[in-house]
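Numbered from 1 within each chain, the chains take letters A, B, ... in sequence-line order.
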Amino acid sequence: MQTDIVIIGAGVVGCAIARQLSKRKINCLVLEKNAEACFGTSKANSGIIHAGHQTSTNSLKGQLDARGNALYDKLHEDLGFSFRRIGELVIAQVPGDEEKLKAMAEICREKNIPCEMWDKSRLHQEEPNLSDHIDAALFTPTAGVINPYELTFAFMENAIANGVQFQFCSEVCAIQKTDDGLQLSIKNTRDGHTQAITTRFVINAAGIYAAQIDQMLHAPTFEIRPRKGQEFLLDKHIQGQPTRLIFPLPTPESKGILLIPTFDHTLMIGPTAENTDHFDDLETTAQGYAKITESVTRICPKLAPLQPIAQFAGLRAVASTDDFIIGPTQTPGFINVAGIQSPGLTAAPAIAEYVDEILTAQGLEYIPNPNFNPKRHHEPRFALASLEQQQALVKKNMAYADIICRCEVVPRAEIETALEAGATTVDGIKLRTRAGMGRCQGGFCSPKIVQMIADHLHIEITQVEKNNPGSWIATYHP
Amino acid sequence: MQTVNVKSNYDLVIIGGGPAGMAAAMGARQNGVGDILVLEREDNMGGILQQCIHAGFGLHVFKEELTGPEYAHRYLQRVIENEIAMLTHACVIDIVTRQPAHHEIYVASPAIGLRVIQARAVILAMGCRERTRQAIHIPGSRPSGVYTAGCAQKLTNIMGVLPGKRIAILGSGDIGLIMARRLTLEGAEVVGVFELMPYSNGLTRNIVQCLDDYGIPLHLSTTISHIYGSQRLTAIDVAPVDAHFKPVTAEKRHIDCDTLLLSIGLIPETELAIKLGMVLHPKTRGPLVNSRLETSIPGIFACGNVLHVHDLVDFVTQESLRAGAEAAKWLQNPTTNQDDIVVLPGQNVGYCLPGTIKRGVSHTISLRVTRPLQGATLKLGDIFSKKMPIAIPSEMITFTISADKLESFTGNQLTLDVMTQG
């Protein structure tokens with residue numbers, strides 16, 4: 001098989017790049033090793049669109065995050081995903097913190113980021129649930145919250161509509177430089193079949209595996225070390241929540257344990273920051289929960305006792321250079337997009353534009369796609385729509401009146417849309433529709449969703465999987 | 001698509017068509033209410049009984065031992081004979097009280113689309129949901145193969161598939177015990193039932209008939225401290241617990257299995273109650289009710305598992321008949337309640353309801369004890385007492401006090417205690 005561009009990795013960065021490149025008239029293929037897009041680090045992302053005041057401009061991170069932040073309003077309008085600029089407060093808890101806040105305010109001035117210093121009285125008036133010991137905070141109104149999986153699928157669907165192809169369960173095992181370009185050896189993770197693809201350009205957006213991919217062609221010039229973050233989600237109805245993002249002061253290791261009022265009002269608390277050598281350690285731990293609980297109840301004491309409804313962990317791709325590694329390499333056509341950790345989600349659309357520019361600089365002539373449509377067709381989410389909008393949806397399609405997930409109010413129509421858009425697994429449906437994300441965590445709806453997947457794919461219930469090959473749900477045979 | 005003739009307003013709308021909703025409808029009908037609509041979100045009436053294919057239902061109500069579906073079917077026949085309107089495949093997605101006796105119920109159903117139905121009175125009968133692994137945070141990975149027992153029951157009894165082959169069960173609540181037997185009968189291997197408390201949480205007869213009879217071990221004072229598996233569950237760690245119910249990880253055991261069932265508690269399904277701003281009972285987490293089973297919102301009543309989780313469906317039926325009767329009385333004469341005595345849980349009482357009672361009528365009071373007790377005496381202040389040779393948390397206690405017992409009581413508060421000697 002031959003193509004012009006292969007993107008390795010269908011996380012938020014790979015999908016953002018795919019959508020950006022679909023503005024070109026070109027053959028582009030995204031290879032994803034998991035069963036669906038967004039099954040790697042992106043689904044565990046905290047979902048914050050950072051203002052950009054935590055990174056200075058002497059890093060690629062600092063250059064691309066504010067640029068990315070500015071792109072989200074147009075993307076939101078065109079692609080439709082849950083996004084809200086709720087603002088962020090970096091809080092001063094101990095003497096010395098206020099000085100650090102002033103240093104951040106300096107970065108705001110440098111980068112033209114709106115900010116305000118709030119004193120104790122203003123702070124507690126605006127956020128009465130914050131602990132009394134918090135003396136001041138730096139407020140940035142342009143910070144926001146997003147559902148990172150919705151964003152990833154929105155990028156992917158628009159890319160597909162504009163001609164990009166995606167292939168799943170496709171693991172890149174080797175890359176060779178040949179006279180015709182770059183040849184990739186691919187293995188199907190479900191059935192073991194191998195495939196060879198020749199391409200002019202490879203964009204390495206493989207997340208925690210980016211160094212391994214790079215080293216298929218080059219001697220090591222950088223390392224990616226996973227850094228685990230555990231997150232917990234609390235019941236919507238819990239009292240004592242803040243209304244804005246609450247950040248402690250950052251450390252060299254991480255932005256700290258945060259309070260994130262997500263778009264859907266399930267307060268997310270976390271993440272931890274735990275370096276690991278295990279590329280598959282996604283466990284949540286009692287120690288992680290204790291650490292997060294202690295930190296969060298110190299900041300918002302009225303939250304206790306916490307009522308978790310979900311918890312998960314993800315692995316940040318931390319580069320040994322501590323910055324994004326985006327650029328061409330010794331191998332013509334091979335471009336790294338590695339070490340994309342915070343503020344990677346924020347920067348993603350800007351990274352995509354940057355990669356597009358790199359491709360041009362690398363000799364890929366810019367021929368625009370005459371059929372490029374920036375807009376992704378999407379209906380309003382039923383659960384959030386007004387009565388009039390809901391009734392209009394029902395009138396168009398009675399399957400909107402058939403509620404499958406009661407906790408999140410997800411109708412059959414939305415699950416069918418997800419199936420038609422290519423969802424093949426229970427988690428794929430969950431990430432696209434929110435079915436199973438509520439307080440019963442799929443206890444009532446998952447049997448129905450399993451049936452719907454089986455019916456759509458013409459397979460047995462026993463062949464339906466939660467996510468990757470091997471994650472079977474049920475069996476006929478004891 | 002069948003067209004169902006559903007009006008836009010009813011005297012009484014009942015949310016939930018399981019045993020509670022059906023009995024509430026009968027109670028209202030038997031007391032003169034003609035204009036009733038029962039809304040059920042599943043395709044069929046019967047609620048959770050549909051998947052409870054084991055026997056043990058109906059000993060009180062039908063004087064026979066029936067399976068869950070048989071009980072549901074028999075009761076449904078009564079509802080049909082009484083020509084009570086029902087709409088299935090109908091989910092209530094919102095509810096708003098505009099004015100007293102004017103509640104707007106937003107119903108989504110493929111039969112009628114999305115409609116707003118007005119009701120003068122409402123009975124909440126939505127049942128309960130299961131506590132999840134996530135709510136108690138069992139550490140580890142998140143593979144497939146971890147199910148609440150009720151969800152596993154649905155897979156097995158309704159969808160005809162096994163949730164797994166080698167199964168561990170956390171929690172000795174009745175659903176877990178029933179599923180231990182069920183899955184063994186289908187050929188799966190149940191490696192054990194693990195219970196946090198030093199005593200079992202299920203009905204005694206279920207311990208005997210589901211575990212003892214099948215040689216399935218019950219490990220008390222034990223919990224699951226870790227879940228392993230990348231795609232599918234591969235193993236768990238079990239550990240004894242200390243006095244604070246925390247796992248003693250130094251003594252953990254690693255057990256290979258591919259399925260974990262959780263039977264760790266049932267929680268009233270109160271999303272709609274919360275939307276209405278209803279006051280919730282601090283212990284049961286269901287709505288707080290007065291002696292008429294009326295919630296903090298006048299004209300809205302609650303019964304069955306949404307009010308407090310029951311062990312026997314027969315008691316759900318009895319309670320719900322009462323709720324229907326009270327709704328009927330209220331519709332005839334919508335006065336605000338005049339309860340004047342607060343009932344408080346005392347010694348060894350985990351919760352009791354109703355929260356208030358009044359002089360001049362008899363009352364049915366329900367409670368659960370906090371720990372197993374032998375040779376105890378139940379006392380409601382000084383006005384009522386009853387000997388209880390055995391009282392256990394997993395068996396709800398219900399008693400009736402007659403109106404005359406309250407006649408000479410002049411106070412405004414009574415405490416309910418279950419006392420043991422010494």
> Looking at side-chain heavy atoms only, is the closest gap between A/F232 and B/Q134 below 4.5 Å?
Replying inline: no
> What part of A/Q307 is in contact with chain B, defined as an atom under 4.5 angstrom from a non-hydrogen atom: side chain, backbone, both or neither?
Replying inline: neither
>> What's the separation between atom CZ in A/R406 and atom CZ in B/R129, rounded to the nearest 0.5 Å?
In response: 11.0 Å
> Looking only at heavy atoms, which two atoms of B/H137 and A/T284 are closest? And how far apart?
Replying inline: NE2-OG1, 3.0 Å
> Where on B/E130 is there a heavy atom nearer than 4.5 Å to chain A: the side chain, the backbone, both, or neither?
Replying inline: neither
> Which heavy atom of B/C151 sits nearest a heavy atom of A/S446, and at what distance?
Replying inline: SG-OG, 4.0 Å
> Does any heavy atom of chain A fall under 4.5 Å from the side chain of B/Q153, the backbone, both, or neither of them?
Replying inline: neither
>> Quick check: closest heavy atoms across A/P478 and B/E186, and the distance to 0.1 Å?
In response: CG-O, 3.6 Å
> What heavy-atom pair brings A/Q311 and B/R142 nearest, and what distance separates the two atoms?
Replying inline: O-CD, 3.1 Å
> Where is the tightest heavy-atom contact between B/L162 and A/Y476, given as atom of each residue plus distance?
Replying inline: CD1-O, 4.4 Å
> So which of B/S144, B/G113, B/A108 has the biggest tally of heavy-atom pairs under 4.5 Å with chain A?
Replying inline: B/S144
> With a 4.5 angstrom heavy-atom cut-off, which part of A/K448 approaches chain B: side chain, backbone, both or neither?
Replying inline: side chain
>> Looking only at heavy atoms and a cut-off of under 4.5 Å, which of A/V426, A/I309, A/V409 has the most pairs with chain B?
In response: A/I309
>> Using a 4.5 Å heavy-atom cutoff, which residues in residues 461-471 of chain A come close to chain B?
In response: A/I461, A/T462, A/K466, A/N467, A/N468, A/P469, A/G470, A/S471
>> Please classify the contact of B/D94 with chain A as side chain, backbone, both or neither, using a heavy-atom distance under 4.5 Å.
In response: neither
>> If you define the side chain from C-beta out and look only at heavy atoms, does anything of B/I267 sit under 4.5 Å from A/R439?
In response: no
> Where is the tightest heavy-atom contact between A/A474 and B/V161, given as atom of each residue plus distance?
Replying inline: CB-CG2, 3.5 Å
> Which of residues 427-434 of chain A have a heavy atom under 4.5 Å from any heavy atom of chain B?
Replying inline: none
> Which residues from residues 229-237 of chain B are near chain A, with near meaning under 4.5 Å between non-hydrogen atoms?
Replying inline: B/Q231, B/R232
> In terms of heavy-atom pairs under 4.5 Å, which option from A/L233, A/I403, A/D402 contacts chain B the most?
Replying inline: A/D402
>> Is there a side-chain contact between B/R133 and A/Q441 in this structure, where contact means two heavy atoms from C-beta onward sitting under 4.5 Å apart?
In response: no
> Side chain, backbone, both or neither: which part of B/V107 has a heavy atom under 4.5 Å from chain A?
Replying inline: neither
>> Measuring only between side-chain heavy atoms, which start at C-beta, is A/I473 closer than 4.5 Å to B/Y147?
In response: yes
> Between CG of B/L114 and NZ of A/K395, what distance do you get to the nearest 0.5 Å?
Replying inline: 13.5 Å
>> Report which part of A/F312 has an atom under 4.5 Å of a heavy atom belonging to chain B: side chain, backbone, both, or neither.
In response: both
>> Can you confirm whether more than 12 heavy atoms, excluding those of A/H278, are under 6.0 Å from its NE2 atom?
In response: no
>> Strictly less than 4.5 Å between heavy atoms, which residues of residues 268-275 of chain B line up against chain A? Please order them by number.
In response: B/E269, B/E271, B/L272, B/I274
> Looking at B/S225, B/P139, B/G160, which makes the most heavy-atom pairs under 4.5 Å with chain A?
Replying inline: B/P139
>> Side chains of B/V116 and A/L387, heavy atoms from C-beta outward: is any pair under 4.5 Å?
In response: yes
